[in-house]
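Notes for the one structure printed next.
Throughout, numbering of the chain's residues begins at 1 and tracks the sequence. These figures come from a predicted structure and were not determined experimentally.
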Amino acid sequence: MSLRSARVPILIAAACLGPFALALLVYYVPNELTQQRANPERTLSATPKPLPEVALRTPGGGTTGTDWARYRWSLIYARITPCEGRCASDLAHLTEVHLALGADRARVQRVLLLADEDFRMTGDPTLLVGYLDAERDAELVNAFSLELLEQGRIFVVDPLGNLVMSYPPAPDQARLLEDLERLLNVSRIG
């Protein structure tokens, strides 16, 4: 048996088992690429929690329809405590993420929910503004969690009105954008 014929089984084994060994290595050995995908700021809902269908009070004294969180993805900044100057900067971060979505921007609406009716927004016709009252809107406040609303939080709601995930008020914008793009890529609705 020559040396050349002895290498053939080894080459066949390497060709067959090599990809399998590489896949195991990539799957089980943590590396920099897979660690970057994790987002420690994101809080996923264990099961999608449907938001109640309630109308929001708007700045002009009117109300929205009860389906305001339906038919499109919603990126919601919600806070039930006074803004103390932070709402505008948190909303600016949210707007930057929304603009970075590019063509998918039309599939996502931005919503600002505040208890502070004195907070004034500049005329942004694409921003849905609603006011929350802990007593009057108790069902909606409970769906978001009063504790989270007191801190201020960014929520992602799917086109069916289900609360999917949330983030702290000033999240890493690149990670939030990556999460949104991933959701929009796999979503067949909204």
Side-chain angles (χ1 to χ4, degrees), residues 27 30 32-56 64-81 83 86-116 124 126-132 134 137-190:
Y27 186 78
E32 193 174 313
L33 200 66
T34 57
Q35 289 175 352
Q36 287 177 354
R37 295 183 73 122
N39 188 347
E41 296 178 322
R42 172 185 59 218
T43 303
L44 294 170
S45 296
T47 57
K49 186 186 329 179
L51 292 181
E53 292 192 33
V54 295
L56 298 175
T64 65
T66 58
D67 62 349
W68 62 270
R70 307 289 190 277
Y71 312 116
R72 293 195 300 174
W73 287 88
S74 297
L75 196 52
I76 302 171
Y77 176 70
R79 184 182 191 91
I80 203 158
T81 53
C83 285
R86 294 194 326 230
C87 290
S89 64
D90 292 341
L91 189 59
H93 293 302
L94 194 65
T95 301
E96 290 170 4
V97 169
H98 185 254
L99 291 173
L101 287 171
D104 282 334
R105 183 172 52 235
R107 297 175 59 195
V108 180
Q109 70 173 340
R110 288 175 306 130
V111 181
L112 175 64
L113 298 178
L114 297 173
D116 186 1
D124 183 351
T126 63
L127 178 67
L128 174 61
V129 179
Y131 297 118
L132 289 175
D137 303 315
E139 192 177 7
L140 184 59
V141 168
N142 288 335
F144 283 120
S145 167
L146 180 60
E147 181 182 328
L148 293 179
L149 290 176
E150 287 174 346
Q151 302 167 17
R153 199 86 177 155
I154 294 172
F155 298 93
V156 177
V157 176
D158 72 14
L160 300 175
N162 296 312
L163 182 59
V164 178
M165 62 181 77
S166 69
Y167 300 82
D172 180 323
Q173 291 173 300
R175 287 183 168 171
L176 174 57
L177 178 62
E178 182 182 337
D179 289 344
L180 281 173
E181 287 174 335
R182 207 175 299 143
L183 282 171
L184 292 170
N185 284 338
V186 299
S187 173
R188 294 176 191 254
I189 56 175

Can you sort out the partners of T66 under side-chain contact (heavy atoms from CB on, under 4.5 Å), two or more places apart, ordered by chain and number? E53, A55
Which value, rounded to the nearest 0.5 Å, describes the distance between L51 atom CG and L160 atom CG? 11.5 Å
Looking at R107 and L184, would you say the former's side chain and the latter's main chain have a donor-acceptor pair under 3.5 Å? yes
E181 (side chain) donor-acceptor with D104 (main chain) under 3.5 angstrom: no
Minimum heavy-atom distance between I76 and V157, given as atom pair plus value: CD1-CG2, 3.6 Å
For the pair V156 and D179, evaluate side chain to side chain contact (heavy atoms under 4.5 Å, CB included) and give the outcome as yes or no after the intermediate values. CA-CA 10 Å; V156 177; D179 289 344; over 6 Å; no
Where the side chain of D67 meets the backbone of R70, is there a donor-acceptor pair that is under 3.5 Å apart? no
Is there a side chain to side chain contact (heavy atoms under 4.5 Å, CB included) between W73 and D158 once you walk through the steps? CA-CA 5 Å; W73 287 88; D158 72 14; 3.6 Å; yes
Find the distance between CG (L128) and CG (L75) and round it off to the nearest 0.5 Å. 12.5 Å
Kindly say whether V108 contributes a backbone atom to a donor-acceptor pair with the side chain of H98 at under 3.5 angstrom? yes
With a 4.5 Å limit on heavy-atom distance, are the side chains of D172 and Y167 in contact? no
So do I154 and V97 actually touch side chain to side chain, heavy atoms under 4.5 Å? no
Donor-acceptor pair, side chain of R79 and main chain of Q151, under 3.5 angstrom: yes
Looking at every non-hydrogen atom in both residues, tell me the closest pair between V111 and W68 and how far apart they are. CG1-CZ3, 4.0 Å
With a 4.5 Å heavy-atom cut-off, do L149 and R153 have their side chains touching? no
Backbone N or O of V141 within a donor-acceptor pair of the D137 side chain at under 3.5 Å? no
Any ring pair (Phe, Tyr, Trp, His ring centres under 6.0 Å) involving residues 168-188? Give me the pairs, sequence neighbours left out, ordered by first then second residue. none
Are side-chain heavy atoms of L132 and L114 found at a separation under 4.5 Å? no
Test of understanding: with ring-ring contact (aromatic ring centres under 6.0 Å, His included), list the residues that count as partners of F144, not counting sequence neighbours. F155
Minimal non-hydrogen separation, A115 against I80, with atom names: CB-O, 3.2 Å
Closest non-hydrogen atom pair, R110 against T126: NH2-OG1, 2.8 Å
Of the non-hydrogen atoms in A69 and S74, which two are nearest, and what is the gap between them? CA-OG, 4.1 Å
Between L163 and A143, the two heavy atoms sitting closest are CD2-O, 3.7 Å
Under a 4.5 Å cut-off applied to non-hydrogen side-chain atoms, are P159 and Y71 in contact? no
